[in-house]
There are 4 protein chains.
Amino acid sequence: MRRVDGTISATRKPPPACEKTTVVSRTGPRRSESVRLAVLHAADDLLVERGFAALTIEGIAQRAGVAKQTIYRWWKSKVDILLDTLTDDAREALEWRADESRGVEETLTSHLQRVADFFEEPAGQVLLALLGHAQLDSETAASLRAGFLKEQRERDIAGLRDLLARDQDLTFDDRTLDHLVDLLLGPLYYRVLVSGSPIDKELVETTSRLVLALAREPSTRNP
Amino acid sequence: MRRVDGTISATRKPPPACEKTTVVSRTGPRRSESVRLAVLHAADDLLVERGFAALTIEGIAQRAGVAKQTIYRWWKSKVDILLDTLTDDAREALEWRADESRGVEETLTSHLQRVADFFEEPAGQVLLALLGHAQLDSETAASLRAGFLKEQRERDIAGLRDLLARDQDLTFDDRTLDHLVDLLLGPLYYRVLVSGSPIDKELVETTSRLVLALAREPSTRNP
Amino acid sequence: MRRVDGTISATRKPPPACEKTTVVSRTGPRRSESVRLAVLHAADDLLVERGFAALTIEGIAQRAGVAKQTIYRWWKSKVDILLDTLTDDAREALEWRADESRGVEETLTSHLQRVADFFEEPAGQVLLALLGHAQLDSETAASLRAGFLKEQRERDIAGLRDLLARDQDLTFDDRTLDHLVDLLLGPLYYRVLVSGSPIDKELVETTSRLVLALAREPSTRNP
Amino acid sequence: MRRVDGTISATRKPPPACEKTTVVSRTGPRRSESVRLAVLHAADDLLVERGFAALTIEGIAQRAGVAKQTIYRWWKSKVDILLDTLTDDAREALEWRADESRGVEETLTSHLQRVADFFEEPAGQVLLALLGHAQLDSETAASLRAGFLKEQRERDIAGLRDLLARDQDLTFDDRTLDHLVDLLLGPLYYRVLVSGSPIDKELVETTSRLVLALAREPSTRNP
DNA sequence: TGATAACCGAGACGGTACGTCCTGTCTTCCT
DNA sequence: AGGAAGACAGGACGTACCGTCTCGGTTATCA
């Protein structure tokens with residue numbers, strides 16, 4: 001996010017973006033990093049405190065001690081701000097940790113458990129809100145899926161591929177892994193998004209056991 | 001909806017009150033059924049045509065040829081209206097059809113396929129919008145889960161129970177069925193809500209095969 | 001108001017008014033006098049309690065325990081109701097009392113004082129409200145002037161004529177009396193309507209003395 | 001209204017505050033004078049065209065090509081807008097013009113005639129509407145009397161004092177002048193507000209002659 | 001002694017305007 | 001040039017009454 005030359009790159013394209021060198025004799029102050037953080041934190045706090053519906057650009061501006069126009073200069077909507085917070089906060093929480101010292105089953109289970117726990121954290125709330133809003137607004141859906149969700153799915157596929165390679169010393173093609181990820185994460189997201197009930201340990205274990213079993217079937221290995 | 005005596009039964013609770021008999025000698029005009037339908041249809045149409053964000057009470061009122069106050073008299077928000085349309089339209093589309101002439105696998109697969117198709121229909125769009133909004137507003141979440149989703153889950157559990165009974169002549173306890181339903185529907189909802197990509201036939205088949213296999217394991221039968 | 005035959009005559013023309021005989025075979029109940037009084041009192045009370053702006057047909061109906069439609073059946077607006085209360089209450093308060101035992105000056109002064117006091121009473125408040133509303137709505141102005149104000153002015157002219165006859169044994173023509181009444185009442189109404197300050201005794205005395213002096217001038221007597 | 005430095009002085013109190021100097025370094029846009037005038041003219045026009053009852057904030061906004069919120073930012077009601085137009089338009093029409101070349105009687109008569117004519121003009125209609133509304137709403141009454149009417153009365157007292165000084169080289173105390181003004185203007189306002197009939201020349205002449213006669217009485221001079 | 005027609009309560013309905021809130025754009029000034 | 005302050009056009013919100021319109025229930029005559 002922070003480049004060597006000290007300028008900031010928003011997730012969004014900085015005006016029309018000069019990719020290589022910013023030689024342009026820039027005068028006046030550059031984008032203030034403190035403003036950026038103040039806005040992201042204000043948005044995050046307000047979302048958790050009051051919920052998405054009560055989250056307004058004006059509210060964020062006031063809370064962050066920033067002018068409305070300043071927000072519009074760098075983000076094009078409140079959704080855009082939240083997308084920015086996601087990138088900073090959620091990636092780490094959902095990463096796959098290869099722990100060689102533990103068995104494959106246990107590794108998978110503990111990853112799923114981490115996913116389950118993530119939904120309780122603020123960053124998880126942000127993701128849920130964005131997923132919710134994506135159902136209501138196709139532009140949000142496009143941004144979210146082209147950005148965070150796409151990257152996260154790549155990480156999930158890579159993570160699962162590595163794990164299965166450790167388990168059976170075999171590689172799966174992408175289509176198969178795609179399905180396995182759906183089967184793995186689907187029930188968890190379903191619980192959170194649809195049922196709204198907490199993800200219990202049993203669901204985590206059943207799911208991971210089932211997917212592993214499926215992966216080990218000969219028919220899956222040779223699709 | 002229309003009872004024999006000509007009075008109207010709103011899907012929504014008739015002013016809290018009076019569980020057994022409405023003794024209060026009600027005089028004056030009754031609720032107009034035509035108004036009710038005009039509003040539900042207007043809301044449904046506008047949602048599909050223009051999306052949730054562009055769905056406003058004023059827009060619905062205008063489209064339905066109805067006064068705004070009339071809407072507020074019977075529904076407390078646009079979400080409330082959508083909840084009403086759901087009850088009328090979605091139940092049938094998601095019901096389990098016991099087709100004795102076909103095998104258990106095929107029955108399950110075709111039910112899942114019907115669920116997948118449902119999301120393409122207007123009523124499915126309404127459900128998705130409501131699920132989306134439920135992530136943003138806890139009151140919506142509560143209404144949706146206490147109403148439609150609760151009933152639908154009961155139907156799903158009953159449907160699955162009947163199917164498995166036919167398959168193995170065994171009964172499963174509710175907790176187990178709960179999990180099986182999560183595993184069965186989770187991947188489908190995940191695809192629609194998170195990935196946003198259409199549900200392909202392969203996912204439907206894999207999922208139903210997998211869940212059936214799990215149900216047939218001795219460890220599942222005797223939990 | 002109450003006729004011999006028991007039917008009621010609203011100040012307003014009863015439907016299209018059959019002045020002489022109501023031969024139309026009337027069956028069913030006649031207008032309820034209790035309803036009429038309940039409405040007039042409710043309107044009066046609410047006007048004094050909450051002011052004209054807060055006076056609504058629905059409020060009057062509720063206060064009077066009467067259906068809105070019942071009000072619309074007999075009066076065509078809240079102003080119409082207030083006009084009705086005026087006729088009942090204000091006439092007496094503003095009548096000229098010929099007290100032979102007292103001097104002309106004293107009689108005139110005490111009449112003006114009674115006018116001044118009238119504005120403090122509920123009925124006076126109603127008149128002020130109607131005069132106010134007459135500035136805003138020409139229909140109100142027309143009704144008020146064609147009804148109460150016209151009658152009152154006739155009483156005022158007659159009263160002044162009698163008094164001056166007693167004073168000088170002379171008769172004045174109507175044009176002159178018209179002007180004298182304007183000069184007599186103008187300052188009082190000006191105080192109440194424009195200044196909003198109470199009418200002090202000095203104004204009452206100066207005014208009556210002045211008008212009497214004018215009336216006694218030879219130039220006035222022979223215009 | 002427009003100061004040398006280009007800032008605007010609303011007739012209405014600038015957010016309570018700062019009697020002497022506005023030190024608060026105000027940045028950002030200032031109030032748009034063109035908006036202010038557009039609103040005042042729209043209100044004035046609509047009042048004359050359609051009457052007070054049909055005068056709505058939304059109508060004014062539309063006519064002025066202005067957002068409703070912009071009106072609410074600067075005025076708190078339609079009455080507040082009319083009060084503003086009064087200050088701009090009525091002061092001049094009601095001022096006392098000392099014309100040394102003419103006699104005292106003639107000066108007084110011509111002033112009264114100007115008052116009479118004023119009621120026919122748009123600004124006079126505004127004053128009548130406000131006086132009417134003041135009878136219905138005590139807040140309007142308070143604003144009107146504390147603002148325009150108070151200043152106007154001061155001008156009237158000063159005008160009459162100067163005129164009488166020219167006539168008799170005597171000064172009158174304020175209480176006496178107060179009464180004289182009531183006697184002078186009362187009949188005119190009574191005609192307009194109560195009778196609703198036009199002010200004829202005779203009333204103007206009689207009134208001014210009468211008041212002048214009273215002022216010349218020794219008893220008035222030495223109260 | 002019904003029949004029947006009006007009165008009356010209750011309140012749904014299509015409307016209009018209210019006053020508030022937030023949006024996204026803009027202008028102005030300050031640093 | 002960046003940023004604060006905030007005015008502005010716009011549009012939806014949810015509320016309050018308006019005046020009209022059914023509904024049933026209830027009388028008080030007249031057949």
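So that the names make sense, note that chain A is the first sequence line, chain B the second, and so on, each numbered from 1. All of these numbers come straight from a predicted model, not from anything done at the bench.
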Practice problem: Starting at atom CD1 of C:Ile71, determine the distance to atom P of E:dC7, rounded to an integer number of angstrom. | Solution: 15 Å

Exercise. Can you tell me the distance, in whole Å, between the CH2 atom of D:Trp75 and the C1' atom of E:dC18?
Key: 18 Å

Practice problem: Measure from the side-chain heavy atoms of B:Ala67 and tell me the nearest of E:dG14, F:dA4, F:dC8. | Solution: E:dG14

Quiz item: Salt bridge check: are B:Asp44 and B:Arg63 linked by an N-O gap of less than 4.0 Å?
Solution: no

Quiz item: If you draw a 6.0 Å radius around CD in B:Glu49, do more than 12 non-hydrogen atoms from other residues or ligands fall strictly inside?
Solution: yes

Quiz item: Which residue, A:Thr70, A:Ile57, A:Ile60, A:Asp80, forms the side-chain contact (heavy atoms from CB on, under 4.5 Å) with A:Trp75?
Solution: A:Asp80

Quiz item: For F:dA9, does OP1 or OP2 lie under 4.0 Å from any side-chain N or O of D:Thr70?
Solution: yes

Quiz item: Charged N to carboxylate O below 4.0 Å: is that the case for B:Lys76 and B:Glu139?
Solution: yes

Practice problem: Let me know the distance between CD of A:Gln62 and P of F:dA4, rounded to the nearest Å. | Solution: 13 Å

Quiz prompt | Residue met sooner reading DNA chain F from 5', once D:Ala64 and A:Val66 are mapped to nucleotides | solution = A:Val66

Quiz item: Counting only heavy atoms not in C:Gln69, do more than 12 sit closer than 6.0 Å to its CD atom?
Solution: yes

Practice problem: Quickly work out the B:Leu46 CG to F:dA12 C1' distance and round it to whole Å. | Solution: 14 Å

Quiz item: Side-chain N or O of B:Trp74 less than 4.0 angstrom from OP1 or OP2 on E:dA12?
Solution: no

Quiz item: Reading nucleotides 16-23 of chain F from the 5' end, what letters show protein touch, with B for base, S for backbone sugar-phosphate only, - for no heavy atom under 4.0 Å?
Solution: BBBBBBBB

Quiz item: In whole angstrom, what separates A:Leu37's CG from F:dG3's P?
Solution: 13 Å

Quiz item: What residue among A:Leu47, A:Leu130, A:Leu40 forms side-chain contact (heavy atoms from CB on, under 4.5 Å) with A:Thr85?
Solution: A:Leu40

